[in-house]
A.B. asks: 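My structure is below; once you've seen it, I'll send some questions.
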Amino acid sequence: MSEEKSLNFIEEIIEADLQNGKYASIITRFPPEPNGYLHIGHAKSICLNFGLAKKYGGKTNLRFDDTNPVTEDTEYVESIKEDIRWLGFEWANELYASNYFEQLYRFAVILIEKGLAYVDDSTSDEIAIQKGTPTTPGSRNKYADRTADENKRLFAEMRGSKYEDGSKVLRAKIDMASSNMLLRDPIIYRIKHAHHHRTGDDWCIYPMYDFAHGQSDSIEHITHSICTMEFVPHRDLYDWCIEKLDIFPSRQYEFARLNMTYTVMSKRKLLQLVNEGHVTGWDDPRMSTISGMRRRGYTAESIREFCDRIGVAKRENLIDVGLLEFCVREHLNRVALRRMVVFDPLKLVITNYPVTEELLSSENNPEDSDSGHRSIPFSREIYIERDDFMEAPPKKYFRLAPGQMVRLKSAYIIRCEELVKDAAGTITEIHCTYLPESKSGSDTSGIHVKGTLHWVSVLHAVPVELRLYDRLFNIEDVGNAEGDFKEYINKNSLQVIPNAFAEPALLDDQAEDRYQFIRKGYFSLDKDSSSAKLVFNRTVTLKDAWAKEVKKG
RNA sequence: UGCCCGAUAGUAUAAGGGUAGUACAACUGUUUUUGGUACAGUUUGUCUUGGUUCGAAUCCAGGUCGGGCAACCA
C-alpha cells in the first residue's frame, strides 16, 4: 500500500487546529505587494497557501498589500492575477489592504484612546537615534507624553492634509527597551501626499505594513497567515495589535523562502536586470519570474510539482535548479509532440535512393498512444546534425562515420560511403546508401544499429529561429556572492540560431505549443513568431548521456 | 557580543525515544528506431561536547557554525 506522505510543519499545525476544534475550516491568503512581477519564490508561497486551503477544504483570499502608493501600480496587479490563474489557482476574494483604510484609521484611533499610540513630530533621523541599538535601549521623547485628546486631534489633522510629508508620524506606544527593535514604538502611520492606484487622492496618510497586514488578516478571519522567515520578529507586533485591538486572532506562521542555484530571487535585483537591459523584460525567458518561465515554456503543472517536491521548512535552503528542470522534463515528456529539427545542418545524399519522394509516418509521442502519428516527407537529400558525423570517431560513438551504419529516425538504415570536402577541408556533403528493406515498421533487414539520427528533407525543410537559453548567472549562489551580483551574469545565456531546419509538420501545429525536438530538447513557440518566421524557445535540454561521456574524456 | 530562527548524504526533505527513509544529483547495468523515456542497482548523512535513558537525529544543558533584526519598504 502506498505510504502516507508526511506532513510539513504547517500542515501539522493545521491538522491539530482542525482536530481539536480550534477552527472548523481554514482561510489563508496570498498577500503580494503590487510593485513587481511574481517569481518562482512567490510560486512556492502561492502553492503553499492555495494548496493548503484546497487540501483542507478552506479558502484563500488574494489580498494586495497596497499600503505604499509610491511604488505600486495596477500594471503589477494585473500581472500578478494573471500569473496566479496561470499557475492554476483561483482566489475566494480579490481584496486590497486599501479596502480597509477607513477601518484601519479607526483602529489607530482606538489605540490613541487607549493611550497606546501617539503623534510624533520628530524627524526620521531623530527617531532612528532614539531607537537605540540592539544592545542598548532606546528612549522616548517629549511627544510621547501628549494626551489622547491631543493625539486624536493631531491624527485627524494629519488625515486632513494639514501637514507635510515627513513632518509627523503616528507611533504605537510599546516598549523602547524591548530586545525586539520592532517593538520600540514602531511607526504605524506616515504622511504621503501620493496618488494611490485604488484610493486615488482620498488619503494622504497611509498605514505601515505592521499596522495593515495583521489587521487585514483579522478582518478577513484568516486563520493561518503564512509568510517567510524574515517576518518572524514582526510576529510580536502582529500579536500585540490583535491583542490591544481585541480583534479576531489570526496567527502568523513562517517558513523559509525559496532560493535557487544560478538565479536571483529578489524583486529589486530582478527589476535591475530589466531596467539595465541585461534581459529584455520581466518576461525574458531567462528570468526567474513566473511570466518569464511561462514564456520559456515551463508548464504550470511542472512548477506546481516542483513546489511540492522542495518541501516546506524553516531552515535556509538553496535548491538545485536541476530539480526544476527535472520536473519540467518529466511533464513535457508526457505531453510534448515529437518533431525533428536540425540545428546545424550537414547535407547528406542517399545515392541509391530514387529521385522520387515518399511520406513516412512517425509517432507524435511514444509516451502517449492517443497522440497519433504525423507524416514526414523523405527524399534523396536530407540534412543531419553536423555533430552526428565524425570522420575519425572515438570508441563508443554510435553515430555516423565512414563505413558506419545508423538508422534515420522513422526511415531507413543508411551506410556512409563517401565524404565531400571543400578546399579548406571542411566536410560539405556526405554520400550514403540506404537499405530499402530497412524501412521503419517493416524492417526485414535483420540489421541492428546502435545509433538513430534525426533528419529533415532538404526539399521540405522549413527555416525556423531557435533561441537556446543557459543559466543567467555562472555561479550557484548568486544571492550570497561577494560584490555586485551583476558581475556574475553569464554572457552566453542566450544563443540564437536564426536558421535551423524543421520538418514541415511544425508549420501546421502552431496552435500546439509544446514540442520535443527529438534528441535536442523541449521547445515552445515564442510570441515573437510571425507567419514569416517561427521562433522557438528552448525550455530545457534533454538529458544527454553522450555529452557526459564526452566530458569525462 | 543583545534578541530571534535554524543545523540530517552534494542539494532538498522525512523519521516526533526503538532498523536513519524518500526525491533530485552522481555512478553501474537492462531495455530502447530519441545516447531521451522506463526499469534495476550502487555510493554518500544525524554540527560538537556532555547529560537523561535499556535505547537519542529526536528530550535537557553548554558550545560551534549559518541566517535574521536598529526603512516614514513589504
Side-chain angles (χ1 to χ4, degrees), chain A residues 3 5-8 12 31-33 35 65-68 70-72 120 123-124 127-129 131-138 165-171 178-182 184 187-192 205-206 208-210 212-213 227 229-236 254 256 261 267-268 309-327 329-330 333-334 338 340 362-363 366-367 396-399 406-411 413 438 440-441 443 448-454 476 480 516-521 541-550:
Chain A
E3 286 280 299
K5 205 188 170 213
S6 58
L7 304 176
N8 66 48
E12 285 174 359
E33 184 188 13
N35 68 345
D65 231 330
D66 55 351
T67 57
N68 186 4
V70 299
T71 58
E72 295 155 5
D120 192 331
T123 65
S124 61
I127 289 175
I129 290 164
K131 259 203 175 152
T133 71
T135 51
T136 58
D165 287 10
S167 61
K168 283 181 168 49
V169 292
L170 184 70
R171 289 227 252 172
S178 173
S179 58
N180 183 343
M181 299 298 289
L182 289 162
R184 319 247 270 221
I187 294 169
I188 57 176
Y189 262 92
R190 76 286 213 196
I191 302 171
K192 274 180 193 281
I205 57 171
Y206 293 94
M208 297 285 287
Y209 166 85
D210 285 306
H213 199 99
C227 61
M229 294 299 291
E230 65 268 29
F231 290 96
V232 168
H234 292 254
R235 192 175 61 235
D236 289 341
E254 310 88 8
T261 54
K267 279 193 216 170
R268 198 194 96 249
R309 282 175 183 253
I310 57 178
V312 177
K314 299 177 89 146
R315 70 181 85 106
E316 271 252 312
N317 60 77
L318 180 62
I319 307 281
D320 187 345
V321 70
L323 182 61
L324 215 207
E325 294 175 345
F326 168 83
C327 292
R329 283 191 190 106
E330 183 185 46
N333 178 51
R334 299 197 310 264
R338 310 297 136 114
M340 295 200 285
S362 189
E363 65 277 321
E367 307 295 320
K396 291 200 274 184
Y397 185 79
F398 304 151
R399 281 112 98 142
V406 295
R407 154 130 356 236
L408 293 173
K409 173 72 182 170
S410 298
I413 292 174
S438 68
S440 271
D443 184 354
H448 292 283
V449 293
K450 288 280 255 204
T452 300
L453 308 187
H454 62 283
E476 281 201 339
N480 289 316
Q516 185 200 103
F517 294 167
I518 290 176
R519 302 210 302 140
K520 296 304 255 181
T541 60
L542 250 30
K543 269 176 64 180
D544 191 345
W546 174 241
K548 209 178 270 179
E549 190 70 32
V550 170

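Convention: sequence-line order gives letters A, B, ...; per-chain numbering from 1. The structure displayed is predicted, hence computed values, not measured ones.
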A.B. asks: Work out how far the C1' atom of B:G6 is from that of B:G63, and round it to whole angstrom.
C.D. replies: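 Nearest-Å result for B:G6 against B:G63 at atom C1': 16 Å.
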
A.B. asks: Looking at B:C3, B:G36, B:G35, which one has an atom nearest to any side-chain atom of A:Ser179?
C.D. replies: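 Minimum distance to the A:Ser179 side chain belongs to B:C3.
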
A.B. asks: Ignoring backbone atoms, test whether A:Lys168 places a side-chain nitrogen or oxygen under 4.0 Å from the OP1 or OP2 oxygen of B:C72.
C.D. replies: no

A.B. asks: Quantified in whole Å, what is the C1' atom distance between nucleotide B:U19 and nucleotide B:A56?
C.D. replies: 15 Å

A.B. asks: Both A:Met229 and A:Ile127 contact RNA chain B. Which one's nearest nucleotide lies toward the 5' end?
C.D. replies: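 Closer to the 5' end of RNA chain B: A:Met229.
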
A.B. asks: Roughly how many Å apart are B:A25 and B:C60, using the C1' atom of each and rounding to a whole number?
C.D. replies: 37 Å

A.B. asks: Name the pairing partner of B:U52, where a pair is Watson-Crick or G-U wobble with both distances under 3.5 Å, or state none.
C.D. replies: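 B:U52 is unpaired by these criteria.
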
A.B. asks: What is the nucleic acid contact for A:Leu323, judged by heavy atoms within less than 4.0 Å: base, sugar-phosphate only, or nothing?
C.D. replies: sugar-phosphate

A.B. asks: Starting at the 5' end of RNA chain B, which residue's closest nucleotide do you reach first, A:Gly311 or A:Gly441?
C.D. replies: A:Gly311

A.B. asks: I need the single residue from A:Leu324, A:Leu542, A:Thr541 that forms a side chain to side chain contact (heavy atoms under 4.5 Å, CB included) with A:Arg329. Which is it?
C.D. replies: A:Thr541

A.B. asks: Counting only Watson-Crick pairs (N1-N3 plus N6-O4 or O6-N4) and G-U wobbles (N1-O2, O6-N3), all under 3.5 Å, who is the partner of B:G21?
C.D. replies: B:U13

A.B. asks: Mind checking the P distance from B:A57 to B:G45? Whole angstroms is fine.
C.D. replies: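 Taking atom P in both B:A57 and B:G45, they lie 15 Å apart.
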
A.B. asks: For A:Ile413, is there any backbone N or O sitting under 3.5 Å from a side-chain donor or acceptor partner on A:Ser438?
C.D. replies: yes

A.B. asks: When you measure from the side chain of A:Ile310, which nucleotide among B:C72, B:U13, B:A12 comes out closest?
C.D. replies: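 Looking only at heavy atoms from C-beta outward on A:Ile310, the closest nucleotide is B:A12.
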
A.B. asks: Less than 4.0 angstrom between a side-chain N/O of A:Lys131 and OP1 or OP2 of B:A71, yes or no?
C.D. replies: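 Indeed not, no polar side-chain atom of A:Lys131 lies that close.
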
A.B. asks: On a heavy-atom basis, which atom in A:Met340 and which in A:Ile518 lie closest, and how many Å separate them?
C.D. replies: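 Where A:Met340 meets A:Ile518 most closely, the heavy atoms are CG-CD1, 4.0 Å.
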
A.B. asks: Does A:Ser6 make a side-chain N or O approach to OP1 or OP2 of B:A15 shorter than 4.0 Å?
C.D. replies: no

A.B. asks: Base, sugar-phosphate, or nothing for A:Phe517, non-hydrogen atoms under 4.0 angstrom?
C.D. replies: nothing

A.B. asks: Touch check for A:Lys450, heavy atoms < 4.0 angstrom, all strands: base, sugar-phosphate only, or nothing?
C.D. replies: nothing

A.B. asks: Taking A:Lys543 first and then A:Glu325, would you say they form a salt bridge - that is, a charged N and a carboxylate O separated by under 4.0 Å?
C.D. replies: no

A.B. asks: Tell me the partner of B:U58, counting only Watson-Crick (N1-N3 plus N6-O4 or O6-N4) or G-U wobble (N1-O2 and O6-N3) with both under 3.5 Å; none if nothing fits.
C.D. replies: none

A.B. asks: If the P atom of B:A7 is compared with that of B:A15, how far apart are they to the nearest Å?
C.D. replies: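 Straight-line distance between the two P atoms is 12 Å.
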
A.B. asks: Determine: side-chain N/O of A:Lys548 to OP1/OP2 of B:A26, distance under 4.0 Å, yes or no.
C.D. replies: yes

A.B. asks: Of all the heavy-atom pairs spanning A:Cys327 and A:Arg309, show the shortest one and how long it is.
C.D. replies: SG-CD, 3.7 Å

A.B. asks: B:G35, B:A70, B:A74: which one has an atom nearest the side-chain heavy atoms of A:Tyr209?
C.D. replies: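 Nearest to the side chain of A:Tyr209 among the choices is B:A74.
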
A.B. asks: As a test of reading the structure: which of B:C72, B:A74, B:C5 is closest to the side chain of A:Ile187, going by heavy atoms?
C.D. replies: B:C72

A.B. asks: Contact class for A:Asp544 (heavy atom, under 4.0 Å): base, sugar-phosphate, or nothing?
C.D. replies: sugar-phosphate

A.B. asks: What integer number of Å spans the P atoms of B:A26 and B:U11?
C.D. replies: 15 Å

A.B. asks: Would you say A:Arg309 reaches B:U11's phosphate, i.e. side-chain N/O to OP1/OP2 under 4.0 Å?
C.D. replies: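 No.
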
A.B. asks: Can you tell me if the side-chain N/O atoms of A:Arg190 get under 4.0 Å from OP1 or OP2 in B:C73?
C.D. replies: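 For A:Arg190, the contact criterion (side-chain N or O under 4.0 Å from OP1 or OP2 of B:C73) is met.
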
A.B. asks: Find the partner of B:U32: check Watson-Crick (N1-N3 plus N6-O4 or O6-N4) and G-U wobble (N1-O2, O6-N3) distances, both under 3.5 Å, and reply none if neither fits.
C.D. replies: none

A.B. asks: Heavy-atom distance under 4.5 Å between the side chains of A:Arg519 and A:Thr452, does that happen here?
C.D. replies: no

A.B. asks: Is the ring centre of A:Tyr209 less than 6.0 Å from the ring centre of A:His234?
C.D. replies: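 Here the rings of A:His234 and A:Tyr209 have centres that are less than 6.0 Å from each other.
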
A.B. asks: As a test of reading the structure: which of B:A25, B:G35, B:U13 is closest to the side chain of A:Phe326, going by heavy atoms?
C.D. replies: B:A25

A.B. asks: Suppose you measure atom P in B:A23 against the same atom in B:U37; what distance do you get, rounded to whole Å?
C.D. replies: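 Comparing P positions in B:A23 and B:U37 gives a spacing of 16 Å.
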
A.B. asks: Please evaluate the base of B:G67 for a donor-acceptor partner in the side chain of A:Arg315 within a cut-off of under 3.5 Å?
C.D. replies: no

A.B. asks: Categorize A:Arg334 for me: base, sugar-phosphate, or nothing, with a 4.0 angstrom heavy-atom threshold over every strand shown.
C.D. replies: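 No contact at all - A:Arg334 keeps every heavy atom at 4.0 Å or more from the nucleic acid.
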
A.B. asks: With rounding to whole Å, what would you report as the distance between B:U34 and B:C24 at their P atoms?
C.D. replies: 22 Å

A.B. asks: For B:G6, give the paired nucleotide (Watson-Crick: N1-N3 plus N6-O4 or O6-N4; G-U: N1-O2 and O6-N3; both under 3.5 Å), or none.
C.D. replies: B:C65

A.B. asks: From C-beta outward on A:Met208, which listed nucleotide comes closest to its side chain: B:C5, B:G36, B:A71?
C.D. replies: B:A71

A.B. asks: Kindly indicate whether the side chain of A:Ile310, heavy atoms from C-beta on, has any atom under 4.5 Å from the side chain of A:Asn317.
C.D. replies: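 The answer is no, as the side chains (C-beta and beyond) never meet within the 4.5 Å cut-off.
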
A.B. asks: Let me know the distance between CD of A:Glu230 and C1' of B:A71, rounded to the nearest Å.
C.D. replies: 14 Å

A.B. asks: Taking OP1 and OP2 of B:G35, is either one under 4.0 Å from a side-chain nitrogen or oxygen of A:Arg519?
C.D. replies: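 Looking at the OP1 and OP2 atoms of B:G35, one of them is under 4.0 Å from a side-chain N or O of A:Arg519.
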
A.B. asks: Choosing from B:G35, B:A74, B:A14, which nucleotide comes nearest the side chain of A:Thr452?
C.D. replies: B:G35

A.B. asks: Closest approach to the side chain of A:Thr67, judged atom by atom: which nucleotide of B:A70, B:A74, B:A14 is it?
C.D. replies: B:A74

A.B. asks: Is there, by distance only and without an angle test, a donor paired with an acceptor across the side chain of A:Glu476 and the base of B:G10 below 3.5 Å?
C.D. replies: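 Under the 3.5 Å cut-off, the side chain and the base do not form any donor-acceptor pair.
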
A.B. asks: Mind checking if A:Val449 touches a base, just sugar-phosphate, or nothing, with heavy atoms under 4.0 Å?
C.D. replies: nothing

A.B. asks: Report the nucleotide, chosen from B:U37, B:A74, B:U11, that has the shortest atom-to-atom distance to any side-chain atom of A:Asp320.
C.D. replies: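 Given the options B:U37, B:A74, B:U11, the side chain of A:Asp320 is closest to B:U11.
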
A.B. asks: Pick base, sugar-phosphate or nothing for A:Leu318, based on heavy-atom distances below 4.0 Å to the nucleic acid.
C.D. replies: sugar-phosphate

A.B. asks: Going by purine N1 to pyrimidine N3 plus the second Watson-Crick contact, or the G-U wobble pair, all under 3.5 Å, which nucleotide sits opposite B:A26?
C.D. replies: B:U42

A.B. asks: Does A:Arg190 reach the main-chain N or O of A:Gly166 with its side chain, forming a donor-acceptor pair under 3.5 Å?
C.D. replies: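 Not at all, since once roles are kept as given, no pair shorter than 3.5 Å links the two residues.
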
A.B. asks: Let's see if you can work this out: which of B:G35, B:A74, B:U13 has an atom nearest to the side-chain heavy atoms of A:His234?
C.D. replies: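 So the nucleotide nearest the side chain must be B:A74.
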
